[in-house]
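Below: one structure, written as structure tokens.
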Amino acid sequence: MTTTYAVHSEGLEKRFGEVHALRGLDLAVPEGTICALLGPNGAGKSTAVRLLTTLITPDGGTARVAGHDVAKDPAAVRRVIGVTGQDASVDGDLSGRENLRLFARLQRLRGAEGRARADELLAEFGLVDAADRPVRTYSGGMRRRLDLAASLLIRPRVLFLDEPTTGLDPASRNRIWEAVRRLADRGTTVLLTTQYLEEADRLAGHVVLIDDGRASVTGTPAELKARIGRYAEAVVAEDAALPAAAMVLGQLAGAEAVLDPARRAAGAVTTDPTLTLPRIVRELDAAGIPVVDATLRPPTLDEVFLRLTAPKELVA
Amino acid sequence: MTIIAYDESKGARVALAGRAVVGDGWAMFGRHLQRLRRAPGLFILTQSMPVTMLLFFGYVFGSAVALAGGADYRAYLVPGLLVATAANGIMAGMFQAAADNHRGVMDRFRTLPMSRAAVPIGQAASEVAQAAIGLVPLAAVGYAVGWRIEGGFGPAVGAFGLLLLFRLATAWVGIWLGLAAKSEEAAGQLGGATFMLPMLSGAYIPTAGMTGWLRTVAEWNPISAVSAACRELFGNETAVTAGAAWPVAHPVVASVGWSLLLMAVCVPLAVRRYDKSTK
Ligand SMILES: Nc1ncnc2c1ncn2[C@@H]1O[C@H](COP(=O)(O)OP(=O)(O)OP(=O)(O)O)[C@@H](O)[C@H]1O
Ligand SMILES: [Mg+2]
């Protein structure tokens with residue numbers, strides 16, 4: 001049986017002078033799914049998106065979007081994709097409404113239809129009050145929302161979103177997530193990049209961890225989380241109690257604890273699914289440790305990378 | 001405009017592509033007009049420059065330039081300034097194209113299924129529209145300082161048409177150079193230098209009085225041919241003497257030829273450059 005992939009790349013490479021931004025990226029995103037590319041700064045996420053959306057051409061390897069080769073038939077690719085890049089791609093001197101109407105026309109929406117669709121999106125993204133102001137007077141989050149609205153004028157077959165919710169407030173973030181889910185429900189394939197594990201978790205059926213220009217780990221969010229585990233952390237009242245707290249946490253987690261003396265915190269990653277927060281607090285309390293705060297949460301991206309990627313110098 | 005269908009026949013593809021160029025180019029033209037309405041400052045400045053130059057050159061240098069037969073220098077200067085203003089298409093085109101090319105919105109245009117030529121075409125069209133508006137104040141002030149249309153209505157319309165055609169051609173030169181420029185600053189410096197071009201032509205002073213090699217250079221400068229053509233069509237003194245180079249001796253044909261030649265070279269270069277930049 002052959003699966004059709006909406007996005008399929010093999011050995012994708014891109015160099016910018018000395019910088020080897022992508023070193024053989026393999027991606028296979030099935031039609032109608034949401035895939036998240038997760039990675040630290042400089043991992044190559046944006047480069048991958050720019051290659052797949054025909055903005056730059058690869059130095060090696062191949063990539064197909066909805067069956068069309070991005071290097072050989074970019075025009076065909078452009079007909080089936082929607083894109084919101086990492087940087088603003090709307091015209092600052094036009095108003096929000098003028099921007100959307102222009103992009104609607106360029107996507108062959110008829111006059112009245114395009115105007116109606118623009119108004120609909122302005123309402124959906126909370127931009128009605130600012131609709132007739134030049135975009136350069138918008139706040140960063142408003143501009144971001146307009147940028148996202150612009151890629152949703154028509155329902156694309158494949159939607160690319162490069163860090164769609166970076167810099168957005170929680171309400172706007174939820175609105176974006178809803179819009180993305182609705183599109184996916186109607187059959188659009190979505191490839192998004194993010195720095196937030198939570199975002200990948202909430203939206204994506206499939207997560208690809210990009211590190212140093214390659215896909216280092218792939219899987220469903222559940223699989224990834226099972227591999228990553230959770231992060232147990234305790235903050236204590238006095239410095240003297242820190243080593244003891246680290247010892248207790250380490251035993252509970254089954255892994256070595258790390259100390260953060262500045263915050264008087266000790267933490268450890270655990271892959272034990274039965275460990276609970278009450279138990280952590282009880283054990284610490286029983287050991288006579290003055291706990292002032294305790295958490296058991298998914299690890300941050302930094303912690304994920306430290307655990308799942310080969311140990312190397314971290315370039316922030 | 002209908003949705004681009006997946007029609008494989010070549011004729012249908014060409015027809016669709018043609019419709020896309022016109023429709024998308026028109027949409028991009030609209031974008032430029034909207035931008036202009038929001039930020040008219042630069043437009044007003046560029047329109048008032050030639051009027052200032054007319055008064056400055058006309059009255060400050062006017063007394064120093066003697067034309068054969070005692071013709072009025074200011075009447076001679078007006079058509080030249082109209083042409084010099086049209087030649088500003090290079091500078092304006094460069095500034096605009098270079099600035100636009102570094103705007104984030106270009107990334108969106110490049111990922112939309114629109115015609116690859118639409119962005120430069122929209123800009124060129126907006127340049128011509130601005131130039132057409134700009135002719136009015138300059139011609140009006142020219143009239144006030146003594147310039148007259150003496151060759152009849154038809155030829156005068158021809159002269160204005162020629163001015164707009166030349167503006168279109170120079171705009172394409174500018175758009176190509178602006179897209180090819182490494183940075184906005186580089187485009188700004190090179191564009192500013194094009195201010196010199198009309199000085200090396202018959203726009204402000206007759207080429208007949210220039211020394212040998214300079215005269216040859218000036219007369220092969222397209223601005224000289226267009227200036228002579230406009231003077232001829234407006235019925236003004238052309239100050240073209242025997243022994244002038246071919247383009248100046250046959251100014252109307254040469255002006256159309258120069259314009260078409262510049263476009264034949266620069267339109268494909270500009271469109272290709274637009275398509276390839278950021279790659
Ligand atoms: N146009 C360019 N010229 C030179 N180097 C570039 C260019 N674009 C990207 N790079 C380099 O390629 C590498 C990958 O960059 P990319 O933008 O893809 O990272 P990213 O994963 O999107 O990071 P971020 O999370 O910061 O957005 C980086 O080292 C970056 O400096
Ligand atoms: Mg990025």
Side-chain angles (χ1 to χ4, degrees), chain A residues 14 46 49-59 65 70-71 74-95 97-99 101-111 113-114 132-137 143 146-147 150-151 153-154 156 160 162, chain B residues 1-8 13-14 16-17 19-43 96 99-119 121-123 126 271 274-279:
Chain A
K14 184 70 189 177
S46 297
V49 168
R50 292 174 69 80
L51 277 169
L52 293 169
T53 56
T54 76
L55 283 169
I56 50 177
T57 46
D59 295 325
V65 173
V70 295
V77 173
R78 292 179 193 126
R79 280 198 287 270
V80 296
I81 60 172
V83 189
T84 292
Q86 186 166 3
D87 303 319
S89 53
V90 286
D91 194 327
D93 290 328
L94 302 192
S95 71
R97 198 190 305 277
E98 286 166 344
N99 266 288
R101 286 183 179 179
L102 173 64
F103 301 137
R105 277 183 70 179
L106 293 171
Q107 291 182 84
R108 312 281 183 277
L109 284 180
R110 287 163 196 284
E113 200 185 347
D132 296 307
R133 272 202 272 140
V135 170
R136 69 180 125 78
T137 68
R143 200 173 315 125
L146 181 70
D147 220 324
S151 57
L153 282 158
I154 58 166
F160 293 89
D162 196 355
Chain B
M1 212 36 48
T2 50
I3 301 213
I4 295 264
Y6 291 94
D7 189 327
E8 295 304 322
R13 279 205 161 186
V14 170
L16 283 173
R19 242 191 312 167
V21 171
V22 175
D24 295 345
W26 182 249
M28 298 312 291
F29 174 60
R31 163 177 175 254
H32 281 285
L33 294 193
Q34 283 170 332
R35 293 177 58 93
L36 210 59
R37 215 189 37 172
R38 283 254 152 63
L42 186 67
F43 174 65
Q96 285 282 346
D100 225 10
N101 206 28
H102 293 98
R103 288 197 176 100
V105 71
M106 282 299 145
D107 271 358
R108 186 169 294 282
F109 293 146
R110 287 197 173 90
T111 58
L112 286 178
M114 58 189 275
S115 158
R116 299 277 94 188
V119 167
I121 284 179
Q123 197 199 322
S126 118
V271 171
Y274 167 78
D275 199 21
K276 293 275 176 258
S277 46
T278 83
K279 296 208 169 173

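In what follows, chains carry the letters A, B, and so on, assigned in the order in which the sequence lines appear, proteins first and then strands, with residues in each chain numbered from 1.
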*Salt-bridged, B/Arg103 to A/Asp91, with N to O below 4.0 Å?*
no
*So, B/Asp107 and A/Arg50, do they make that salt bridge, N to O below 4.0 Å?*
yes
*Rounded to the nearest 0.5 Å, how far does CG of B/Leu112 lie from CZ of A/Arg78?*
9.5 Å
_For the backbone of A/Val83 and the side chain of B/Arg108, can you confirm whether one donor and one acceptor N or O come within less than 3.5 Å of each other?_
yes
*Which residue, A/Asn99, A/Leu94, A/Leu102, forms the side-chain contact (heavy atoms from CB on, under 4.5 Å) with B/Gln34?*
A/Leu94
*Charged N to carboxylate O under 4.0 angstrom, B/Arg35 versus A/Glu98?*
no
*Are B/Arg38 and A/Ser95 close enough, and set up right, to give a side chain to side chain contact (heavy atoms under 4.5 Å, CB included), and what steps lead you there?*
CA-CA 9 Å; B/Arg38 283 254 152 63; A/Ser95 71; 3.9 Å; yes
*Can you name the nearest heavy-atom pair linking B/Thr111 to A/Leu55, along with the distance?*
CG2-CG, 3.7 Å
*If every non-hydrogen atom of A/Arg79 is compared with every non-hydrogen atom of B/Pro113, which pair is closest and at what distance?*
CG-CB, 3.7 Å
*B/Arg37/A/Asp93 ion pair, N-O < 4.0 Å*: no
*Could you have a look at A/Gly92, A/Ala88, A/Gly82, A/Ser89 and say which one has the most heavy-atom pairs with chain B under 4.5 angstrom?*
A/Ser89
